[in-house]
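Letters A, B, ... mirror the listed sequences (proteins, then strands); counts begin at 1. Please read these numbers as outputs of a predicted model, since none were measured by experiment. FYI, side chains are in, hydrogens and waters are out, and symmetry mates aren't considered; it's all heavy atoms of this structure.
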2 protein chains.
Amino acid sequence: MTTLKPVTVYDIAREANVSVATVSRVLNNTAPVKKSTREKIVELINKYQFQPNALARSLSKKVTGMIGVILPDITNPFFPEVLAGLEQEARSKGYTFFLCDTVSTNGDSKEQYERESQYLNILLEKQVDGIVIIGGRINLARPTKEHVNEVIEVSKRVPTVLINGSLPGHPMNRVFADEREGAELATQHLIDLGHRDIAFAGGYRGMSNTLQRIQGYVRTMERNGLAVRKEWLLDGGFSVESGKRFMNQLLQMEERPTAIFCANDLVAIGVMKVAYKAGLQVPQDLSLIGFDDIPYAANSIPELTTVSLKGYDVGRGAADMLHQLITKSKASKNTRVRPELIIRETTTPPR
Amino acid sequence: MTTLKPVTVYDIAREANVSVATVSRVLNNTAPVKKSTREKIVELINKYQFQPNALARSLSKKVTGMIGVILPDITNPFFPEVLAGLEQEARSKGYTFFLCDTVSTNGDSKEQYERESQYLNILLEKQVDGIVIIGGRINLARPTKEHVNEVIEVSKRVPTVLINGSLPGHPMNRVFADEREGAELATQHLIDLGHRDIAFAGGYRGMSNTLQRIQGYVRTMERNGLAVRKEWLLDGGFSVESGKRFMNQLLQMEERPTAIFCANDLVAIGVMKVAYKAGLQVPQDLSLIGFDDIPYAANSIPELTTVSLKGYDVGRGAADMLHQLITKSKASKNTRVRPELIIRETTTPPR
DNA sequence: GTGAAAGCGCTAACAC
DNA sequence: GTGTTAGCGCTTTCAC
């Protein structure tokens with residue numbers, strides 16, 4: 001705690017009988033330095049455990065090597081996955097991370113968007129080299145003009161890439177998993193198994209990702225000549241809790257689906273729990289397919305069939321794109337990663 | 001992408017016909033400014049969307065408001081929990097986060113420790129106001145002298161708190177969940193249920209947290225006059241995979257325990273899966289108790305009995321302690337949070 | 001190969 | 001109330 005007085009380039013320079021410029025040169029390998037003086041300087045650096053002040057350096061170089069990540073809730077298992085991909089790729093390129101979790105303690109989404117705004121400002125002030133945004137307002141089907149503009153403005157000042165989201169009407173650099181295709185994969189899988197009575201559960205109608213999933217579901221149903229029953233289109237959440245609620249609703253109905261396509265794995269887990277408690281066997285009595293392929297999906301009993309949104313890959317892709325943007329100030333505006341159907345144990349032909 | 005030329009206090013000052021000092025004053029509310037001039041300045045700030053450069057500010061104020069977090073693997077569900085607590089508390093105090101994930105892609109722990117060293121340096125250079133370390137080398141039963149010294153040195157320069165770990169022989173600021181107590185709680189619970197043949201599975205002998213858990217287990221067994229069989233003391237991992245391995249080993253033995261205390265929830269999940277596939281009912285044929293209480297524990301089928309290490313609370317505690325350290329440069333050196341037994345569905349009396 | 005000095009953008013004495 | 005100015009610690013021309 002007793003903060004030591006920090007050593008600076010001047011201290012090193014003085015003791016080495018050289019100028020700060022020379023010290024800087026050896027620090028950055030930015031120009032040839034006579035071997036003997038270089039050695040003396042290096043020695044001093046080690047002796048004093050000299051750590052160049054990154055703030056000062058960044059201030060003059062106008063590069064921080066930091067990239068800011070804005071996400072809605074690190075506690076949602078989907079995000080650590082993409083963060084890991086992001087991290088791995090970005091680190092290899094020398095970047096370091098600024099984590100901005102916008103989760104609101106009271107679950108108020110207005111508070112969340114406010115927090116996003118704050119963080120956007122903070123990141124700008126901190127002079128990050130790039131920003132990646134995932135979740136939150138960029139998943140809104142109809143974001144407010146202010147929310148959109150804010151992001152647009154930010155992206156004019158610092159390279160920004162969106163993950164799995166967009167700003168309707170504004171082309172942005174983004175990398176995304178094709179959610180519609182994923183939903184089609186899921187639905188078709190169920191249909192191929194012989195299901196005709198398929199429900200969709202989860203998500204929020206106000207969110208574009210939900211809309212895309214529903215769209216994929218509806219399209220695939222129709223393409224196969226199957227009816228979409230709107231009472232089987234249950235939305236209102238992405239959580240385990242909401243999954244439980246959905247299943248309870250379904251349990252009340254006299255006509256029940258033989259399979260449920262859940263908006264994400266968490267919902268599927270909730271559904272499965274309630275189904276189980278109600279005495280239904282999964283998949284014998286009810287087939288279930290999730291979405292996202294969070295780590296736990298492979299470990300539930302039975303193991304959850306799902307579609308992988310390739311969080312890790314998406315994360316890497318984002319880091320890569322951001323790096324392009326930062327260095328070459330250009331990049332393909334879009335990277336689409338294709339989801340993958342992961343067949344495990346919760347889907348089987350209907351009785 | 002087209003980076004706009006940034007506006008500075010000088011620009012604002014010039015246009016407002018005042019000095020930069022005055023601009024700074026309204027920015028920081030650090031001295032009274034005549035209402036009319038303040039208004040003019042504020043107006044200009046809005047007009048140009050002026051964002052003060054945090055690097056410059058921090059350089060001169062010698063405070064960054066950033067705290068660095070070093071953790072082993074954000075993908076392990078225990079960490080997001082403590083990160084969330086940390087975040088929530090730290091944010092309320094105006095701090096912002098630097099995330100350093102030291103996970104090594106190839107699973108090489110040497111690489112991980114190296115990464116820790118790198119990040120320690122980076123954080124120092126970035127002039128973070130505080131550092132929190134969780135996992136990694138601070139969980140080693142016998143860390144190398146260099147690893148220890150490095151952390152010691154760092155902690156001399158910037159307030160540092162360790163979460164759930166320590167440096168043997170060196171008092172450090174730390175907040176931790178009492179793992180031994182947790183292990184006692186778990187073991188006693190099993191014993192109270194009537195189990196006598198209790199195995200312990202998971203962890204690494206080289207890690208202090210494992211040792212503490214084992215110690216709690218052994219002590220409780222002995223205190224109850226129960227034998228600890230060393231062939232039922234299985235270690236070698238904290239993952240679902242290792243849990244599967246442990247259960248397979250147990251399955252080979254002619255004498256099997258009626259209950260298993262798993263070193264963490266992930267292991268318990270692995271054990272449960274293999275047990276299930278082997279036709280064993282949990283908890284009827286085999287009681288299982290986990291450790292950590294990761295979010296998933298409440299959602300498995302059956303729901304996992306476990307002991308909560310209060311990750312969120314620990315995180316908050318760490319943020320709090322760090323803040324004390326940063327502002328008052330002192331704090332209680334230790335905060336111990338007491339674990340809690342969470343009885344769910346995987347434990348029951350033996351047949 | 002090396003040094004002097006002018007920034008980078010902000011804060012904080014210290015004057016007035 | 002407000003301005004001047006000297007830093008904060010580093011990089012980077014431009015000379016030599």
Side-chain angles (χ1 to χ4, degrees), chain A residues 3-42 44-45 48-66 121-122 124-129 157, chain B residues 3-42 44-45 48-66 121-122 124-129 157:
Chain A
T3 309
L4 271 40
K5 66 286 156 200
V7 178
T8 74
V9 279
Y10 283 93
D11 301 321
I12 303 291
R14 189 178 331 110
E15 188 153 344
N17 281 314
V18 298
S19 75
V20 292
T22 302
V23 176
S24 177
R25 285 183 187 110
V26 349
L27 241 29
N28 300 288
N29 234 299
T30 183
V33 173
K34 198 188 347 168
K35 192 162 181 217
S36 65
T37 78
R38 147 170 276 118
E39 279 167 356
K40 197 190 309 172
I41 291 172
V42 169
L44 258 10
I45 287 176
Y48 290 112
Q49 302 240 64
F50 170 62
Q51 314 255 28
N53 182 323
L55 297 175
R57 173 182 311 206
S58 293
L59 182 57
S60 88
K61 303 210 347 174
K62 299 180 151 326
V63 176
T64 56
M66 303 192 306
N121 277 320
I122 291 179
L124 248 29
E125 296 183 355
K126 300 272 187 197
Q127 312 295 121
V128 295
D129 291 343
R157 290 160 176 268
Chain B
T3 309
L4 272 40
K5 67 286 156 198
V7 179
T8 73
V9 278
Y10 283 93
D11 301 320
I12 303 292
R14 188 178 332 108
E15 189 153 344
N17 281 315
V18 298
S19 74
V20 290
T22 302
V23 175
S24 177
R25 283 182 189 111
V26 349
L27 241 30
N28 300 287
N29 233 301
T30 183
V33 172
K34 196 185 356 168
K35 193 163 181 215
S36 65
T37 79
R38 146 170 278 117
E39 279 166 356
K40 197 189 310 170
I41 292 173
V42 169
L44 258 9
I45 288 177
Y48 289 113
Q49 302 239 64
F50 169 63
Q51 314 256 30
N53 183 322
L55 297 175
R57 173 184 309 207
S58 293
L59 182 57
S60 91
K61 303 213 339 178
K62 300 181 149 327
V63 176
T64 56
M66 303 192 306
N121 278 319
I122 292 179
L124 248 29
E125 295 183 355
K126 299 271 187 197
Q127 314 294 121
V128 295
D129 291 343
R157 291 161 176 268

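- Across its full length, the helix from C:dG1-D:dC16 to C:dC16-D:dG1 shows an angle of 40° between the axes of its 5 terminal pairs at either end, rounded to 10 degrees.
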Take A:Val18 and A:Lys40 through the test side chain to side chain contact (heavy atoms under 4.5 Å, CB included) and record every step on the way to the result. CA-CA 10 Å; A:Val18 298; A:Lys40 197 190 309 172; 5.5 Å; no
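- Here the shortest heavy-atom pairing between B:Gly65 and B:Asp129 reads N-OD2, 2.5 Å.
- Contacts of A:Asp11 with the nucleic acid, taken as non-hydrogen atoms under 4.0 Å apart, are absent.
- Inter-residue side-chain proximity for A:Ile41 and A:Arg38 is flagged as unmet; no heavy-atom pair is nearer than 4.5 Å.
- When side chains are defined from C-beta on, B:Glu125 does not count as touching A:Arg57, because their heavy atoms never get closer than 4.5 Å.
- Side-chain contact between A:Asn53 and B:Gln127 is present, with at least one heavy-atom pair separated by less than 4.5 Å.
- Using a 4.5 Å heavy-atom cutoff, the side chains of B:Gln49 and B:Val7 are not in contact.
- Boundaries of the chain B contact region on DNA chain D are D:dG1 to D:dG9, first to last in 5' to 3' order (nucleotide atom under 4.0 Å from a heavy atom).
- Considering only heavy atoms from C-beta on, B:Phe50 comes within 4.5 Å of B:Leu27 through its side chain.
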What verdict does the side chain to side chain contact (heavy atoms under 4.5 Å, CB included) test give for B:Thr8 and B:Val20, after you've listed the backbone C-alpha separation in whole Å, the side-chain angles of each residue and the deciding distance to 0.1 Å? CA-CA 9 Å; B:Thr8 73; B:Val20 290; over 6 Å; no
Can you check side chain to side chain contact (heavy atoms under 4.5 Å, CB included) on A:Tyr48 and A:Ile12, steps first, answer last? CA-CA 9 Å; A:Tyr48 290 112; A:Ile12 303 291; 4.2 Å; yes
Nucleic acid footprint by protein, nucleotides 9-16 of chain C - heavy-atom cut-off 4.0 Å, B for base, S for sugar-phosphate alone: BBSBB---
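- By the 4.5 Å heavy-atom criterion applied to side chains, A:Val26 and A:Thr37 are not counted as neighbours.
- A:Ser58 comes within 4.0 angstrom of no nucleic acid atom, judged by non-hydrogen atoms across all strands.
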